[in-house]
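Please read all numbers here as calculations on a predicted model, not as lab measurements.
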Amino acid sequence: MLKAKILFVGPCESGKTVLANFLTESSDITEYNPTQGVRILEFENPHVTSNNKGTGCEFELWDCGGDSKFESCWPALMKDAHGVVIVFNADIPSHLKEIEMWYSCFVQQQFLQDSHCMLVAHHKPGSGGDKGSLALSPPLNKLKLVHSNLEEDPEEVRVEFIKYLKSIISSLSESRDREEMLIIT
C-alpha cells in the first residue's frame, strides 16, 4: 500500500485547518484557533488507488501552522513530503505576496515538481467568493489554482483535491515501479 505525505501550508488565517478537516472528513471547527506547529490527519480515500488492481492508498495531511515563529520547524515538516498545497485567502491582498515565499521554501527549495503543488484560493463564508482571475506572479501562475468556497460549492474543491491526490499517487507508483525495475535488471 502506498503512503503519501501532503503538506497544507500558507499564511495565517487562510483556512488551511477548515479545508483540511473538510477534505479528510474530520471534525468541524467552528471557532478560529491558530494551528500551533502542525496537525497530522491520516486518511484513506476510496476514489484514489495506486493501480488498476484497486490497491488502496494512505495519506498523511500535515496541516502546518502559518505563523513564521514555526519557521525553524519547516525542515522537519518538509522531510519526505510528496506534495504541497498552498492555501491562501484570496480576499487578503498581502496573501498573494506571502504565497511566493511559501512556494519558494516548500516547493522550489525542496526540488518538488510543480505538478506536486496546488494553490487553493480559499474564500471564507460570507466573503462572496469572487472567482475572478488572480494576478499571480511567475512561477505561481503555472500552478494548478483551485477556488474553494465551502459555503457555495464544497464539492468543487473535493473533486479537484481527489484529482491532485491521484496525480501524486500515480507519480509515486511510477517511481516505485522504476526502482523495482532497477533492482530486477
If I compare all heavy atoms of [X] with all of [Y], which pair ends up nearest, and what's the gap?
X	Y	value
H82	A4	ND1-CA, 3.4 Å
V84	Y164	N-OH, 3.0 Å
T35	F70	O-CE1, 3.7 Å
V48	I169	CG1-CG1, 3.8 Å
N141	L136	CB-O, 3.6 Å
G10	K16	O-NZ, 3.1 Å

With a 3.5 Å distance limit and no angle check, can you tell me whether [X] reaches the backbone of [Y] through a side-chain donor-acceptor pair?
X	Y	answer
H95	N89	yes
S14	P11	yes
K5	L77	yes
T24	A20	yes
H123	N149	no

[Y]/[X] salt bridge by N-O under 4.0 Å criterion:
X	Y	value
E42	K3	yes
R176	E179	no
E151	K124	no

Under a 4.5 Å cut-off applied to non-hydrogen side-chain atoms, are [X] and [Y] in contact?
X	Y	value
I99	M101	no
R39	T17	yes
E180	L182	no

- What residues, two or more places apart in sequence or in another chain, satisfy side chain to side chain donor-acceptor pair (under 3.5 Å) together with Q36?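 Q36 satisfies side chain to side chain donor-acceptor pair (under 3.5 Å) with no other residue.
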
- Message: Under a 3.5 Å threshold, yes or no: a donor from one side chain and an acceptor from the other, between W62 and E60?
- Response: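 E60 and W62 do have a side-chain donor-acceptor pair below 3.5 Å.
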
- For I168 and I6, run side-chain contact (heavy atoms from CB on, under 4.5 Å): C-alpha distance rounded to whole Å, both residues' side-chain angles, the deciding distance at 0.1 Å, then the answer. CA-CA 9 Å; I168 295 291; I6 310 294; 4.1 Å; yes

- Task: Take L19 and F8 through the side-chain contact (heavy atoms from CB on, under 4.5 Å) test and state the conclusion after the steps.
- Result: CA-CA 9 Å; L19 203 54; F8 265 41; 4.2 Å; yes

Report yes or no: do [X] and [Y] belong to one cluster of Ile/Leu/Val/Met/Phe/Trp/Tyr joined by side chain heavy-atom distances under 4.5 Å?
X	Y	result
L112	L145	yes
I92	V120	no
L61	L172	yes
F43	F22	yes

- Task: Could you tell me whether F106 and W74 have their ring centroids closer than 6.0 angstrom?
- Result: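 Here the rings of W74 and F106 have centres that are less than 6.0 Å from each other.
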
- Message: Consider side chain to side chain donor-acceptor pair (under 3.5 Å). Of E155, E160, E156, which one does R158 pass it with?
- Response: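 With R158 as partner, E155, E160, E156 yield a single side chain to side chain donor-acceptor pair (under 3.5 Å), made by E155.
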
- Worked verdict on C73 versus V38 for side-chain contact (heavy atoms from CB on, under 4.5 Å): CA-CA 9 Å; C73 301; V38 67; over 6 Å; no

- Query: Which is it for N45 and I162 under the side-chain contact (heavy atoms from CB on, under 4.5 Å) test, yes or no, and what are the steps along the way?
  - Reply: CA-CA 8 Å; N45 189 303; I162 289 170; 3.7 Å; yes

- Item | C105 SG to M78 CE distance, which is reported to the nearest 0.5 Å |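 If we round to the nearest 0.5 Å, C105:SG and M78:CE are 6.0 Å apart.
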
